[in-house]
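Below: one structure, written as structure tokens.
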Amino acid sequence: MIDLKSLRADPEQFRAALGRKRYGSEDLDQVLAADASVRRLKAELEELRAARNAASRRIPRTTGKEKAEVLADMKRVAIRLKEAEPDLRQQEEELRLALLRIPNPPHGDVPDGVGDDANVVLRKVGEPRRTSFDLLDHLDLGEARGWIDVKRAARSSGSRFAYLMGELVELELALVRFAMDRVIAAGFKPVVPPIVVREAAMYGTGFFPADRNEIYKIEDEDAYLVGTSEVSLAALHMEETLPESDLPVRYAGFSTCLRKEAGTYGKDTRGIFRVHQFDKVEMFSFCKPAASHDEHLLILEVEEGILSSLEIPYQVVHVCTGDLGAPAARKYDLEAWMPGQAAFREVTSCSNCTDYQARRLGARFRGKDGTALLHTLNGTAVAIGRTIIALIENHQQEDRSVRIPTDLRPYLGGRQQL
RNA sequence: GGAGGGGUGGCCGAGUGGUUGAAGGCAGUGGUCUUGAAAACCACCGUGCGCAAGCACCGCAGGUUCGAAUCCUGUCCCCUCCGCCA
């Protein structure tokens, strides 16, 4: 959520910034109008309440005629309050809903653009391998090795599901443990969070209302399945005020992620690149506002370290305004080279959400000069499906075995290949 | 799932429908005293909105009333017992 006071002070700045995010200004206009009318009505009601409070203090000490008069006056005040309060509630609700729709303005240095084609490559690390034989893509290789079964998954569960089997499961567990060790070393506390959350957590993180169509809901309950543990990690400190001395607070969540992938029909349909269910180790930080950019770079560094250790060629991308999503002010993606697609594709991502989620969540810290909103950041340590694709495509050998990168071998009992 | 009990400030804990934003204690901050510390004593000590006056907040949301922490309804959470269960 954006800061209403700042919006009021300088609406044009917000209009321009959100325009860069390809966001129209109708909601801004609605917020400004609703805000003005809420403030007007609120002033009137607060005056009435002040009069009532004053009378309330007097009533017990008055008697007879005077008391009757005050009671009659207050009766009228009560009637006016009773008729106006629902109006105020409704106006405040309209204001709140409009405010919740407004995305976080992008940071000034974020490249302009509509879609991911406008993202800016900051650097490339590693070289795609040249081979004397043809590389199979992850699905052909996975099926040949008995590692991936999407056909039976379609029968049991629908499209965009997969059975991961055999050594690929060992690889998943190794990747999880490997990534966990890395993030623990960077100061993140491991967490296995709930993957079911209330609606409030979805609103708090900014997934609602913007991405509601992406989220699975449990029927007849206030219960939603997270598309990333970011949601439950962020919600860990909702409505809390953390002591400044605890900051930064860093968590690494390991969880299954569930996404409806609505509106992606026909896109990335092959294999396990885009599926409804995958496991992920996710970093999440709560920090002081002044520290959030450094924290962002730290998360990026951890992500790059992991991909480097896995010996996967990648590029770092500065995500453009149109591709940021609602909560992020700045975002970097890591795109791994995927020989099967002959393209760099997103495997991890890290965002600085500034105070946008914190304001919605009510996540603050207490410093010397009182309380203030925290900044929140998130980043992928390892997203299993896509990392597996990158690993088995980049490291496959002519005999269809897969070389295990050195740094990962300790997590696979010292094996050098699968 | 069934039957009970309970949610008050950082913590513990009072609270009769009316100067209660809320007694008291602990913790914390500042001070007096002390060579220093402890103890003792004094003062301060919740959050949000607002320039301010002020308004709101006793899990949350409604309701009754001139007036609600206090009465009513719903809801969330916690505890105990029974059932079920990895």
Side-chain angles (χ1 to χ4, degrees), chain A residues 1-10 31-32 34-100 192-204 208 217-224 232 235-247 249 255-256 286 289 355-374:
Chain A
M1 194 148 66
I2 59 166
D3 178 28
L4 186 51
K5 220 188 288 182
S6 313
L7 172 64
R8 212 182 280 144
D10 191 357
V31 165
L32 289 166
D35 177 49
S37 118
V38 161
R39 284 159 63 84
R40 215 176 302 125
L41 190 52
K42 212 175 194 173
E44 188 203 337
L45 294 199
E46 286 193 0
E47 245 172 75
L48 289 174
R49 289 199 191 110
R52 184 183 69 185
N53 288 344
S56 247
R57 278 188 288 270
R58 236 170 51 236
I59 285 172
R61 290 176 290 130
T62 55
T63 50
K65 196 173 156 208
E66 192 189 349
K67 182 164 191 166
E69 276 171 17
V70 178
L71 283 180
D73 277 352
M74 287 309 107
K75 182 76 184 170
R76 279 192 295 276
V77 167
I79 287 167
R80 171 60 189 148
L81 279 171
K82 195 151 286 181
E83 74 181 10
E85 273 169 349
D87 289 347
L88 180 61
R89 265 203 299 279
Q90 194 198 327
Q91 288 183 20
E92 282 180 326
E93 181 62 6
E94 280 169 20
L95 172 60
R96 195 183 68 88
L97 290 176
L99 207 47
L100 283 171
V192 176
I195 61 169
V196 177
V197 298
R198 299 178 194 283
E199 192 179 47
M202 286 293 180
Y203 272 106
F208 283 9
K217 181 184 195 314
I218 294 176
E219 202 176 1
D220 298 330
E221 290 186 39
D222 177 22
Y224 300 81
S232 22
L236 193 46
H237 292 302
M238 65 196 286
E239 307 297 338
E240 284 186 30
T241 303
L242 304 177
E244 188 174 20
S245 54
D246 284 2
L247 301 175
V249 172
S255 85
T256 294
F286 297 89
D355 61 8
Y356 185 83
Q357 292 180 324
R359 186 172 289 107
R360 292 168 162 244
L361 290 163
R364 301 160 186 279
F365 70 98
R366 186 185 315 281
K368 277 203 171 359
D369 312 314
T371 64
L373 291 168
L374 289 158

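So you know, we letter chains A, B, ... as the sequences are listed, proteins then strands, and number each from 1.
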Between A69(B) and G17(B), how far apart are the two P atoms, rounded to whole Å?
13 Å
Is there a residue in residues 72-81 of chain A whose heavy atoms reach under 4.0 Å of RNA chain B, and which residues are they?
Met74(A), Lys75(A), Ala78(A)
Does the distance from a Lys or Arg side-chain N to an Asp or Glu carboxylate O, for Arg49(A) and Glu85(A), drop under 4.0 Å?
yes
How long is the line joining CG of Leu45(A) and P of C55(B), in whole Å?
13 Å
Would you give me the side-chain donor-acceptor pairs under 3.5 Å for residues 66-78 of chain A, sequence neighbours excluded?
residue, atom, partner, partner atom, Å
Asp73(A), OD1, Arg76(A), NH2, 2.5

Would you please indicate if the ring centroids of Phe365(A) and Phe286(A) are separated by under 6.0 Å?
no
Taking CD in Glu47(A) as the centre, count heavy atoms belonging to other residues, nucleotides or ligands within less than 6.0 Å. Is the count above 12?
no
Salt bridge check, Glu83(A) against Arg80(A): does any charged N sit closer than 4.0 Å to a carboxylate O?
yes
With both distances under 3.5 angstrom, what nucleotide forms a Watson-Crick or G-U wobble pair with C71(B)?
G63(B)
Could you measure between the two P atoms, the one in U70(B) and the one in C33(B), and give it in whole Å?
47 Å
How close or far is atom P of U47(B) from atom CZ of Phe365(A), stated in whole angstroms?
14 Å
Base, sugar-phosphate, or nothing for Thr371(A), non-hydrogen atoms under 4.0 angstrom?
sugar-phosphate
Within the structure, does a side-chain N or O atom of Arg198(A) lie under 4.0 Å from either OP1 or OP2 of C77(B)?
yes
Can you check the distance between U73(B) and U64(B), where both ends of the measurement are the C1' atom (answer in whole Å)?
11 Å
Whole-Å distance separating the CZ atom of Arg8(A) from the P atom of C49(B):
11 Å
Measure CD/Glu47(A) against P/G50(B) and give the value in whole Å, please.
18 Å
Check every atom of C76(B), G54(B), U19(B) against the side chain of Glu46(A) and return the nucleotide holding the closest atom.
G54(B)
Can you check whether Leu247(A) reaches Leu242(A) side chain to side chain, under 4.5 Å on heavy atoms?
yes
Measuring only the P atom in each nucleotide, how far is G15(B) from G24(B)? A whole number of Å is fine.
15 Å
Tell me whether the OP1 or OP2 atom of C55(B) has a side-chain N or O from Asn53(A) closer than 4.0 Å.
yes
On a whole-Å scale, what distance lies between the P atoms belonging to G25(B) and G63(B)?
38 Å
Measuring only between side-chain heavy atoms, which start at C-beta, is Leu95(A) closer than 4.5 Å to Leu4(A)?
yes
Please determine if a side-chain N or O atom of Arg366(A) lies less than 4.0 Å away from the OP1 or OP2 oxygen of U47(B).
yes
Could you measure the distance from the CZ atom of Arg40(A) to the CD atom of Gln91(A)? Nearest 0.5 Å is fine.
8.0 Å
Hunt down the Watson-Crick or G-U wobble partner of G21(B), both distances under 3.5 Å, from any strand shown, or write none.
none
Rounded P spacing from G30(B) to C79(B) in Å
38 Å
Can you tell me how far P in G83(B) sits from the matching atom in A3(B), rounded to whole Å?
15 Å
Residue mapping more 5' on RNA chain B - nearest nucleotide basis, Lys42(A) or Arg57(A)
Arg57(A)
Length of the CG-P vector between Leu88(A) and C49(B), whole Å
17 Å
Closer than 4.0 angstrom, basic N to acidic O: yes or no for Lys217(A) and Glu199(A)?
no
Closest contact, heavy atoms only, Leu373(A) versus Pro289(A):
O-CG, 3.7 Å
With sugar-phosphate taken as primed atoms, P, OP1 and OP2 and all else as base, the protein-contact string of nucleotides 58-63 of chain B at under 4.0 Å (heavy atoms; B, S, -) is ----SS
Arg89(A)/Glu92(A) salt bridge by N-O under 4.0 Å criterion:
no
Watson-Crick or G-U wobble partner for U34(B), using a 3.5 Å limit on both distances?
none
Give Lys67(A) one of three labels, base, sugar-phosphate or nothing, depending on what nucleic acid heavy atoms sit under 4.0 Å from its own.
nothing
In whole Å, what separates the C1' atom of A53(B) from that of G59(B)?
31 Å
Please report the distance, rounded to the nearest Å, between CZ in Arg49(A) and P in G18(B).
21 Å
With sugar-phosphate meaning primed atoms plus P, OP1 and OP2, does Arg52(A) contact a base, only sugar-phosphate, or nothing at under 4.0 Å between heavy atoms?
sugar-phosphate
With both distances under 3.5 Å as the test, what is the Watson-Crick or G-U wobble partner of G1(B)?
C82(B)
